[in-house]
Amino acid sequence: MGFSLTNQFSQNITQVPNIFIDTYMPQANGSFVKVYLYLLRQLSDASSALTIENMADMLSNTEADIIRALRYWEKQNVLSITEAGGKIVNIAFLPLSSDNNAEETRLPESQPETAVLPSSPAPAAPPQASPPVQHALPERHTYSPLQAEALKKDSEIESCLSMVEAMLGTTLGDAHMQLILYLMSDLGFSLDLVITLYETALSRGKSRPRYIETIALDWAKKGIRTTREAEAEASSFNGTYKTVSKALGIKRALAPAEQAIIDKWQSYHFSNEILEEACARTVLQSGDTNLNYTAKILADWHKKGVTTLQDIADCDKSYYRIKNTSANKSATGKRSKNSFQNFPQRQYSKDEYANLEKQLLH
């Protein structure tokens with residue numbers, strides 16, 4: 001039995017666009033959402049003079065947290081920020097857009113907001129398999145020494161840099177520092193999420209910034225924002241080792257070098273069914289369990305945009321069709337020749353014939 005939800009209070013209301021809730025909020029850091037909602041609230045209070053300091057006090061954040069949130073929404077084309085003399089002088093809300101063209105609806109303020117759920121919901125349509133949602137990411141850039149020093153004053157970033165340095169057991173290099181600043185300032189990763197990221201990489205025996213960045217970008221594209229989601233993703237990927245080992249008939253533990261090959265497949269986002277198909281073809285075509293052979297198959301499928309088993313079947317049909325066409329052309333254009341037909345015949349003059357007769361007579 002459904003229920004109705006009714007608004008009966010008369011207080012002032014701050015309307016939040018539906019498209020923000022549906023499209024922008026799920027992939028944003030929680031503190032970033034707080035900043036957006038607070039700014040939206042201030043639109044109805046023209047007498048309020050906003051400052052970064054006041055916002056930080058109101059939201060129990062640091063000033064650097066507020067700046068990070070504003071920069072994030074600016075990169076997402078949600079806000080337009082005007083600066084003068086190194087200070088923010090104006091913030092404008094921009095029209096929101098959605099890739100799926102979600103319809104934005106609002107009810108008049110004079111009318112109570114009411115949403116009634118049907119008592120007998122219509123049967124849901126059967127779920128259809130679709131590729132995972134990929135979120136657009138802000139462009140990676142290098143922070144200048146002054147920018148880096150300013151960001152490092154943020155208590156959360158400072159703590160994160162210290163903790164990562166302790167985990168690595170060595171002085172933190174510029175590459176790691178730039179990566180962490182990008183993750184926290186541009187992608188909105190929390191301290192806990194960055195620590196989970198480094199723990200995941202180090203558990204695989206990897207500490208290079210480039211490898212860690214690959215994992216981070218994969219998480220960001222999938223909309224992973226919490227440590228629980230990150231741990232679930234890492235656990236699922238580690239299960240790939242078991243999937244591949246079983247498909248290839250490997251009953252021993254994979255060597256670090258073999259795990260490294262499998263780790264590279266993470267960016268392909270292939271399902272276990274596709275991985276199993278590649279392993280099966282490896283065994284049948286090479287008669288071995290060579291992971292490098294499997295890697296070539298998967299790289300080729302990724303290049304061709306394969307996402308399902310049907311895509312693989314279509315690739316096979318295309319391959320054999322091209323192969324048969326080439327074979328038919330080759331057979332048609334081939335002419336039967338023998339050595340006598342190919343031997344160039346010499347033309348003799350009358351004088352040369354006479355000389356040959358004299359040589360034979362002698």
Side-chain angles (χ1 to χ4, degrees), residues 24-42 49-76 78-79 81 83 85-88 91 137-202 207 209 212-213 215-217 219-220 223-231:
Y24 293 87
M25 187 179 72
Q27 66 189 47
N29 185 298
S31 61
F32 294 175
V33 175
K34 287 168 56 178
V35 170
Y36 178 85
L37 294 178
Y38 182 74
L39 290 175
L40 202 61
R41 162 69 181 88
Q42 297 306 309
L50 286 176
T51 65
I52 300 299
E53 294 80 5
N54 291 341
M55 291 181 64
D57 291 339
M58 175 64 185
L59 300 177
S60 299
N61 283 338
T62 65
E63 294 179 20
D65 289 333
I66 302 300
I67 295 296
R68 285 168 50 202
L70 295 176
R71 296 302 181 198
Y72 174 81
W73 291 124
E74 184 181 32
K75 290 181 181 294
Q76 298 296 320
V78 171
L79 299 177
I81 300 176
E83 299 183 53
K87 295 184 178 180
I88 297 176
I91 298 176
L137 303 181
E139 183 179 355
R140 175 76 185 271
H141 61 91
T142 301
Y143 295 92
S144 67
L146 291 177
Q147 290 175 324
E149 286 301 320
L151 290 172
K152 285 161 64 175
K153 292 180 181 179
D154 178 78
S155 59
E156 187 177 17
I157 292 179
E158 184 182 17
S159 299
C160 186
L161 292 172
S162 298
M163 294 174 68
V164 170
E165 189 173 59
M167 294 171 65
L168 295 175
T170 184
T171 303
L172 200 65
D174 184 67
H176 281 290
M177 184 193 68
Q178 290 283 343
L179 174 60
I180 293 173
L181 293 180
Y182 172 64
L183 297 178
M184 300 187 73
S185 298
D186 292 324
L187 297 188
F189 276 35
S190 65
L191 183 150
D192 292 338
L193 189 58
V194 174
I195 297 304
T196 302
L197 170 68
Y198 272 83
E199 288 175 345
T200 300
L202 293 175
S207 60
I212 297 172
E213 182 182 355
I215 300 177
L217 294 179
W219 288 1
I224 293 175
R225 312 304 302 177
T226 67
T227 56
R228 178 176 296 182
E229 293 172 342
E231 290 169 353

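Worth knowing before you read on, the calculation uses all heavy atoms, side chains too, and leaves out hydrogens, waters and symmetry mates.
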Rounded to the nearest 0.5 Å, how far apart are CG of Leu187 and CD of Glu213? 9.0 Å
If you compare all heavy atoms of Val35 against all heavy atoms of Met55, which two are closest, and at what distance to 0.1 Å? CG1-CE, 3.8 Å
Between Glu229 and Ile224 (side chain of the first, backbone of the second, donor and acceptor by atom type, cut-off under 3.5 Å), is there such a pair? no
For Met25 and Val33, which heavy atoms make the closest approach, and how far apart are they? CG-CG2, 3.9 Å
Under the ring pair (Phe, Tyr, Trp, His ring centres under 6.0 Å) rule, what pairs show up with a residue in residues 148-174, not counting sequence neighbours? none
Would Gln27 and Gln76 count as a side-chain contact (heavy atoms from CB on, under 4.5 Å) if you check the C-alpha gap in whole Å, the side-chain angles of each, and the deciding distance to 0.1 Å? CA-CA 11 Å; Gln27 66 189 47; Gln76 298 296 320; 3.8 Å; yes
Side-chain donor-acceptor pair under 3.5 Å between Asn29 and Ser31, yes or no? yes
Please table the atom pairs, donor to acceptor, closer than 3.5 Å between any side-chain atom in residues 143-151 and protein atoms at least two apart or in another chain.
from, atom 1, to, atom 2, distance (Å)
Tyr143, OH, Leu181, O, 3.4
Tyr143, OH, Asp186, OD2, 2.7
Ser144, OG, Gln147, N, 3.2
Ser144, OG, Gln147, OE1, 3.4
Gln147, OE1, Ser144, N, 3.0
Glu149, OE2, Lys152, NZ, 3.3

Do you know which two heavy atoms are closest between Cys160 and Ile180, and how far apart they sit? SG-CG2, 3.9 Å
How far does OG of Ser185 sit from NZ of Lys75, to the nearest 0.5 angstrom? 9.5 Å
Indicate yes or no: at least one non-hydrogen side-chain atom of Asp154 is less than 4.5 angstrom from one of Ile67. no
I'd like to know if Arg71 pairs up with Glu74 as an ion pair, taking the criterion as any Lys NZ or Arg NE/NH1/NH2 lying under 4.0 Å from an Asp or Glu carboxylate oxygen. yes
Heavy-atom side-chain contact between Thr200 and Trp219 under 4.5 Å: yes
Here the pair of heavy atoms bringing Phe189 nearest to Arg68 is O-NH2, 4.1 Å
dist Ser155:OG -> Lys153:NZ (nearest 0.5 Å) comes out at 13.5 Å
Check: Leu39 and Leu70 side chains under 4.5 Å, non-hydrogen atoms: yes
Spell out, as yes or no, whether a donor-acceptor pair under 3.5 Å connects the side chain of Arg225 to the backbone of Gly188. yes
Rounding to 0.5 Å, atoms CG (Leu79) and CD1 (Ile91) come to a distance of 6.5 Å
Shortest non-hydrogen pair, Met163 vs Leu191, comes out as SD-CD2, 3.8 Å
Is the CZ atom of Arg228 crowded by more than 12 outside heavy atoms at less than 6.0 Å? no
Value for CD (Gln42) from CG (Leu50), rounded to nearest 0.5 Å, stands at 5.0 Å
Output the distance between atom CE (Met167) and atom NE2 (His176), rounded to the nearest 0.5 Å. 10.5 Å
Quickly, which of Leu183, Leu217, Leu179, Val164 forms a side chain to side chain contact (heavy atoms under 4.5 Å, CB included) with Ile212? Name it, please. Leu179
Applying side-chain contact (heavy atoms from CB on, under 4.5 Å) to Leu202 and Leu168, what does each step give before you reach the verdict? CA-CA 8 Å; Leu202 293 175; Leu168 295 175; 4.1 Å; yes
Tell me the closest heavy-atom pair linking Met58 and Tyr38, and the distance in Å. CG-CE1, 3.4 Å
